[in-house]
Structure formats: structure tokens, C-alpha cells
Colleague: 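Attaching a single structure in C-alpha cells format; questions to follow.
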Amino acid sequence: MPETADVVIVGAGAAGLMAGIWAGRTNPGRGVVLLDGARKPGAKILVAGGGRCNVTHAAVDESAYAGSSRNAIKKVLRRFDVSQTTAFFREMGVELKCEETGKLFPLTDDARTVLDALLSAAYQAGASILHPRRVEAVTRAGDGFIVSGAWGQIETPNVVLATGGCSLPKTGSDGFGYQIARSLGHTLTPRILPALVPLTLPGDHFICSLSGVTVPATLEVRAPSGKILAAFTDSTLCAHFGLSGPSVLDISRYYLAARFDDPSVILTINWLPGKTPEQVEADLQGLGRGSPARYLRAFLPERLARALCEYAGVEPNTPAGQLSREARKTLARTITRLALPITGQRGFNYAEVTAGGVPLAEIHLNTMQSRMCPGLYFCGEICDVDGRIGGYNFQWAWASGYVAGVSVGRPG
Ligand SMILES: Cc1cc2nc3c(=O)[nH]c(=O)nc-3n(C[C@H](O)[C@H](O)[C@H](O)COP(=O)(O)OP(=O)(O)OC[C@H]3O[C@@H](n4cnc5c(N)ncnc54)[C@H](O)[C@@H]3O)c2cc1C
């Protein structure tokens, strides 16, 4: 264990490894040490994208992110864009392929390829990766810092905090980095919430009995006035606890944040994306002897079709022409604008990212250096930035890690 280092990076996840690689490449003379509390760093890279690691997305821009201002997020994203990410991985021997959805994965479909390439690039750049070395404190000492833990301490003029957020704490990212940031003079956003997280419904809700049913659907956060505050259309999974799948994960942070500000905000689901209640009502009216169950089966699995009819109080096989106007209306709204009585979310153990963190307003975005504490840098999920499903969160880690790395690598 060295007693001093030019740069200490706390956290060797996606952002910390990126910062270590670029600090070393920018200035091969710099002594760069990465400390990670986990027995095996990079666990989150290995589980990402179902073990395939969705490294980035073909179309990244600030509109796919929330948290600090989009303008601030854009300033960092443009410093290391998708073409640079692709070239960076190619140069390390990892070819990326773009799927129909725009998501980019390694050609091998194996996240291990990504982690191994990052670890070996960090070693080649001269960085030392030490683990398990959980950091318990970072304290100011003169112009520099003392970074310490049960393993001892190390002195350095530059610290990069790349400790991630709170999601999937068993990987080592348990939110302790936020406490370190606060101890060095930073504030945190008023709320730190699970994002990209499944949502729960009352156990007796009909959706919970449809576990395994997956359909494309539109999820909408609505103000009491009916105004749509956020909407996502994608694959939606009914589960024994409630709802999951990309559309639900994407909408979760918008719903949860909006609910804090206004508890009367609701989440609705449209099982026939693109159809309005009026269109479905008209469709039903035009069915004549055809039944609602038959109409719905053209779009939805039988179980879901029946459950929607039953929830609306309509016998699924009744000829639609015999339905009262009121019954048609109720069924059309159940199909296209069903209000979901969300009871909560599944928590950080099931969340892919964290919403909230260190505000970008407290960071110089051209360097990722703290405005409060010279010599302190941030990158990755510890910052108040969270992206949609699809590779956006890693792209933030690559871009912010790159900016922090080249800045901290420059001779001071
Ligand atoms: C199941 C799952 C799947 C995902 N899939 C994708 C995907 O396919 N595409 C995508 O873009 N994003 C995905 N994400 C999100 C993405 O993994 C994260 O946004 C990204 O890993 C954040 O990188 P980071 O380096 O900031 O933090 P992390 O990857 O969380 O790394 C932080 C590191 O810091 C270490 N650490 C924390 N505290 C301390 C301490 N006190 N001392 C020392 N070390 C410490 C941790 O051990 C960890 O290694 C997924 C997330 C999850 C949970």
C-alpha cells in the first residue's frame, strides 16, 4: 500500500476506471491509485444489460437524462460522445454492435469482455487498483487529502469520488460516497431515490395475477388536471408484485419525484399504445356481434384481455352491440387510461440507478472539479444525473469519468 499518490480514485466502477485510464494516459508520470471496497470491482458492469452490458446508445443526448439541468448534463456529454466511446472500446479490442433498439453491446454479448478491457487499460495506463479497500473517510490535510479506511491511509493532493449511488448495494455502491461528499462541504439534492425501479401494486390487484404477461404499453404520469407530465411507451411486464419492464423502469423516477411534489399525481397505463379512449369506444361500437374479448385478443394476450373486461365489469364474450354506452366508456378507459394504485417501488436492491446526488451546480463541468473543495473531483452516478434504460447511464459514466480523468491527470 503506497503512503502517497498523485491521484486517488475512490470507486473502481465504470466511472472510476474511466477516470483512472484517462488520468494515466494524460500523464504517464502520475501515480494513480484506485481504491474499491468490493472484493471484486466492476460487479455492476458484469450484471448490466442482463450480463451483456449495454455500453451505450446510438442516440445519446441530454433529453434522455434527468436530475441536474439538461444544459449542464449536455456540457459533459459532448466532451466524450458515442463515437468516442465506440472508438475507445474498439482500440481496447472490444467491438460494439448496435441493435435495432439503438442499444450498443459488445460483439461477444458478454459483459466480462467490457470489464476485462477496462481493467487491463487501467493497468496499462499505470493505475493501481487496490481492493477490497473501503474508504471510510476523506479529510482535508493542508492543500491535499488523507484518504483512510480500516486498511490504513494514503495522502494525496487529488481525490476523485466515483463511488456510484445506492442502487444494488451488494455490488459495493451503498451511498457512503454521499457522506464523504458532504463531509467535504458539498450539499446533496433534497431527495435521493431509486430510479429505473419496478413499481408495486396492492397484492389483490388484477395485474398481480397476470405475472409473466408482457406487452407493449404506454405509461403516463398525469397531473390532477389530466395534463401528461411524462410518458414512455415500451415493453411492460406484469409481475406478482406489480409492474416492471422498460416502460415502467423509465417512468418510475418521473412518477416518484412528481408524487413527492404533488401526492395527487397519478400513473396511468394504456394497454393499446396510440389509441385514445374515444377511438376504442368507437371501435367497440362498430363491433356489432363481435365481443370485446375478441377485439382485445387481436392486440393482447387472452389472459390480459379477459382481465381488463372483468375489471371494467363487462362480460368478455358479450356481443359489443349489447353493451350500454356507460359500459363501453368504462371499458375503453380501462384499456387506455387505467389509473394504477401504485403502493411504492421495490427499493435500491432492484433499482438500476439512483436519482439525486451531488448537484452539477457544485462542480466545474469543464473539469468535474468541485467548486467547494479544490482537488476534489466527481464522476458517474454520485452526481445528480440519471438516464433512461438503454446505455445512457454508462455513457454518463464514460463521459464524466473521461473529463475527470484528463483534468486530474494534467500536471497541476
Ligand atoms: C442490474 C443493473 C443493470 C444495469 N444495466 C445497465 C446497462 O446495461 N447500461 C447502462 O448504461 N447502465 C446500466 N446500469 C446502470 C449502471 O450500471 C450505473 O449507472 C453505472 O455502473 C454507474 O457507474 P459508477 O462507476 O458511477 O458507479 P458503480 O458502478 O456503482 O461503481 C462504484 C464503485 O465504487 C465502489 N465504492 C462505493 N463506495 C465505496 C467506498 N466507500 N470505498 C471504496 N469503494 C467504494 C463500489 O464498490 C463500486 O465498485 C445497470 C445497473 C444495475 C444495478
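Counting starts at 1 for both ligands and their atoms, in listed order. Numbers here are sequence positions counted from 1.
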Colleague: In the protein, which heavy atom is nearest to atom 22 (C) of ligand 1, and how far is it?
Modeller: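 Looking only at protein heavy atoms, the one closest to atom 22 (C) of ligand 1 is Glu381 OE1, 3.4 Å.
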
Colleague: Closer than 4.0 Å to some heavy atom of Val353 - which atoms of ligand 1 meet that?
Modeller: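 Near Val353, the atoms of ligand 1 are 15 (C), 19 (O).
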
Colleague: Does any N or O in the side chain of Arg140 come within less than 3.5 Å of the main-chain N or O of Gly144, such that one atom is a donor and the other an acceptor?
Modeller: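 Side chain of Arg140 to backbone of Gly144, a donor-acceptor pair under 3.5 Å: yes, one is there.
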
Colleague: Kindly say whether Asn366 contributes a backbone atom to a donor-acceptor pair with the side chain of Arg79 at under 3.5 angstrom?
Modeller: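 Here the side-chain-to-backbone pair exists.
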
Colleague: Considering only heavy atoms of Tyr392, which atoms of ligand 1 have at least one such atom less than 4.0 Å away?
Modeller: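 Here the atoms of ligand 1 in question are 11 (O).
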
Colleague: Check this for me - ligand 1, Val47, N or O atoms closer than 3.5 angstrom, yes or no?
Modeller: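 Not met; the criterion fails.
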
Colleague: Given 3.5 Å as the limit, does a donor-acceptor pair link the side chain of Glu381 with the main chain of Thr354, or not?
Modeller: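 Looks like yes, one N/O pair under 3.5 Å.
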
Colleague: Classify the ring geometry between Phe88 and Phe80 as parallel (under 30°), tilted (30 to 60°) or perpendicular (over 60°).
Modeller: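 Perpendicular.
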
Colleague: Check the pair Glu302 / Arg297 against salt bridge (charged side-chain N to carboxylate O under 4.0 Å, His left out), numbers first and verdict last.
Modeller: CA-CA 6 Å; Glu302 167 89 31; Arg297 274 202 308 265; 3.4 Å; yes

Colleague: Within a 6.0 Å radius of atom CZ on Arg182, are there more than 12 heavy atoms belonging to other residues, nucleotides or ligands?
Modeller: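 Atom CZ in Arg182 is not crowded, with 12 or fewer foreign heavy atoms closer than 6.0 Å.
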
Colleague: Run the numbers for me: atoms of ligand 1, each under 4.0 Å from some heavy atom of Ala38, listed by number.
Modeller: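 Going through ligand 1 atom by atom, the ones under 4.0 Å from Ala38 are 47 (O).
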
Colleague: Quick check: does Ala14 get an N/O under 3.5 Å from an N/O on ligand 1?
Modeller: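 It does: an N or O of Ala14 is found under 3.5 Å from an N or O of ligand 1.
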
Colleague: Could you tell me if any non-hydrogen atom of Lys103 lies under 4.0 Å from any atom of ligand 1?
Modeller: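 It does not, in that no heavy atom of Lys103 comes within the 4.0 Å cut-off of ligand 1.
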
Colleague: For atom 42 (N) of ligand 1, which of Val135, Leu35, Ile9, Val197 has the closest heavy atom?
Modeller: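 It is Val135 that holds the nearest heavy atom.
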
Colleague: Among Asp386, Thr189, Asp384, find the one that has a side chain to side chain donor-acceptor pair (under 3.5 Å) with Ser68.
Modeller: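 In the set Asp386, Thr189, Asp384, the residue that makes a side chain to side chain donor-acceptor pair (under 3.5 Å) with Ser68 is Asp384.
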
Colleague: Could you tell me which atoms of ligand 1, counted from 1 in the order shown, lie closer than 4.0 angstrom to a heavy atom of Ala351?
Modeller: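 Contacts of ligand 1 toward Ala351, numbered from 1: 53 (C).
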
Colleague: So which heavy atom in the protein is nearest atom 30 (O) of ligand 1, and how far is it from that ligand atom?
Modeller: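 Among all protein heavy atoms, the one nearest atom 30 (O) of ligand 1 is Ser173 OG, 2.6 Å.
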
Colleague: For the backbone of Arg337 and the side chain of Thr268, can you confirm whether one donor and one acceptor N or O come within less than 3.5 Å of each other?
Modeller: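 No, because the side chain of Thr268 does not come within donor-acceptor range (under 3.5 Å) of the backbone of Arg337.
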
Colleague: Any atoms of ligand 1 less than 4.0 Å from a non-hydrogen atom of Gly380? List them with their elements.
Modeller: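 In order of numbering, the contacting atoms are 26 (O).
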
Colleague: Please work out, at 4.0 Å between heavy atoms, whether the side chain, the backbone, both, or neither of Arg133 comes within that distance of ligand 1.
Modeller: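 Just the backbone.
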
Colleague: From atom 32 (C) of ligand 1, work out which of Ala162, Cys379, Cys383 has a heavy atom at the shortest distance.
Modeller: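 Of the listed residues, Ala162 has the closest heavy atom.
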
Colleague: To which of Asp36, Asn54, Asp386 does the heavy atom nearest atom 9 (N) of ligand 1 belong?
Modeller: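 Nearest heavy atom to atom 9 (N) of ligand 1 lies in Asn54.
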
Colleague: Suppose we screen for side-chain contact (heavy atoms from CB on, under 4.5 Å). Which residues come up paired with Asp36, at least two apart in sequence or across chains?
Modeller: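 Once residues adjacent in sequence are excluded, the partners of Asp36 under the side-chain contact (heavy atoms from CB on, under 4.5 Å) criterion are Ala12, Ala38, Pro41, His131.
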
Colleague: Do any N/O atoms on Pro41 end up under 3.5 angstrom from N/O atoms on ligand 1?
Modeller: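 Among all N and O atoms of Pro41, none is under 3.5 Å from an N or O of ligand 1.
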
Colleague: Closest non-hydrogen protein atom to atom 34 (O) of ligand 1, residue and atom name please, with distance?
Modeller: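 Nearest protein contact, heavy atoms only, for atom 34 (O) of ligand 1 is Gly11 CA, 3.2 Å.
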
Colleague: Can you tell me how far OH of Tyr311 sits from CG of Leu304, rounded to the nearest 0.5 angstrom?
Modeller: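 Here the rounded value is 13.0 Å.
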
Colleague: Check side-chain hydrogen bond (donor to acceptor under 3.5 Å, both in side chains) between Ser183 and all other residues, then give those that pass, not counting sequence neighbours.
Modeller: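 Result, side-chain hydrogen bond (donor to acceptor under 3.5 Å, both in side chains) vs Ser183: none returned.
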
Colleague: Identify the protein heavy atom lying closest to atom 21 (O) of ligand 1, giving its residue, its atom name and the separation to 0.1 Å.
Modeller: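 Of the protein heavy atoms, Phe394 CE2, 3.4 Å lies nearest.
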
Colleague: How far is atom 51 (C) of ligand 1 from the closest protein heavy atom, and which atom is that?
Modeller: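 For atom 51 (C) of ligand 1, the nearest protein heavy atom is Glu352 O, 3.1 Å.
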
Colleague: Within a radius of less than 6.0 Å around CD of Glu3, do more than 12 heavy atoms belonging to other residues, nucleotides or ligands occur?
Modeller: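 Open: at most 12 neighbouring heavy atoms sit under 6.0 Å from CD of Glu3.
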
Colleague: Give the numbers and elements of all ligand 1 atoms closer than 4.0 Å to a heavy atom of Val10.
Modeller: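 Numbered from 1, ligand 1 contributes 42 (N), 43 (C).
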
Colleague: Consider ligand 1: state whether an atom of it lies below 4.0 angstrom from any non-hydrogen atom of Gly401.
Modeller: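 No.
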
Colleague: Please report which non-hydrogen protein atom sits nearest to atom 31 (O) of ligand 1, along with the residue it belongs to and the distance in Å to one decimal place.
Modeller: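 So the nearest neighbour among protein heavy atoms is Gly13 CA, 3.5 Å.
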
Colleague: Check the pair Asp262, Ser264 against side chain to side chain donor-acceptor pair (under 3.5 Å), reporting the backbone distance first and the verdict last.
Modeller: CA-CA 5 Å; Asp262 180 357; Ser264 54; 2.5 Å; yes

Colleague: Does ligand 1 have a heavy atom under 4.0 Å from the side chain of Thr171, from its backbone, from both, or from neither?
Modeller: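 The backbone, only.
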
Colleague: What are the atoms of ligand 1, with element, lying closer than 4.0 Å to any heavy atom of Phe176?
Modeller: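 Heavy-atom distances to Phe176 below 4.0 Å select 41 (N).
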
Colleague: Are Ser167 and Glu352 close enough that a side-chain donor and a side-chain acceptor fall under 3.5 Å?
Modeller: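 Side-chain D/A pair, Ser167 to Glu352: absent.
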
Colleague: I'd like to check which ligand 1 atoms, numbered from 1 as shown, lie under 4.0 Å from a non-hydrogen atom of Leu168.
Modeller: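 Once the distances to Leu168 are compared, the set is 53 (C).
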
Colleague: Which protein heavy atom lies closest to atom 37 (C) of ligand 1, and at what distance to 0.1 Å?
Modeller: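 Of the protein heavy atoms, Gly172 O, 3.1 Å lies nearest.
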
Colleague: Strictly distance-based, threshold 3.5 Å: is any side-chain N or O of Trp271 a donor or acceptor partner for the main-chain N or O of Ala217?
Modeller: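 The answer is no, because no donor-acceptor pair under 3.5 Å joins these two groups.
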
Colleague: Just need the protein heavy atom nearest to atom 44 (N) of ligand 1, so name the residue and atom and give the distance.
Modeller: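 Nearest neighbour among protein heavy atoms for atom 44 (N) of ligand 1, to 0.1 Å: Gly37 N, 3.0 Å.
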
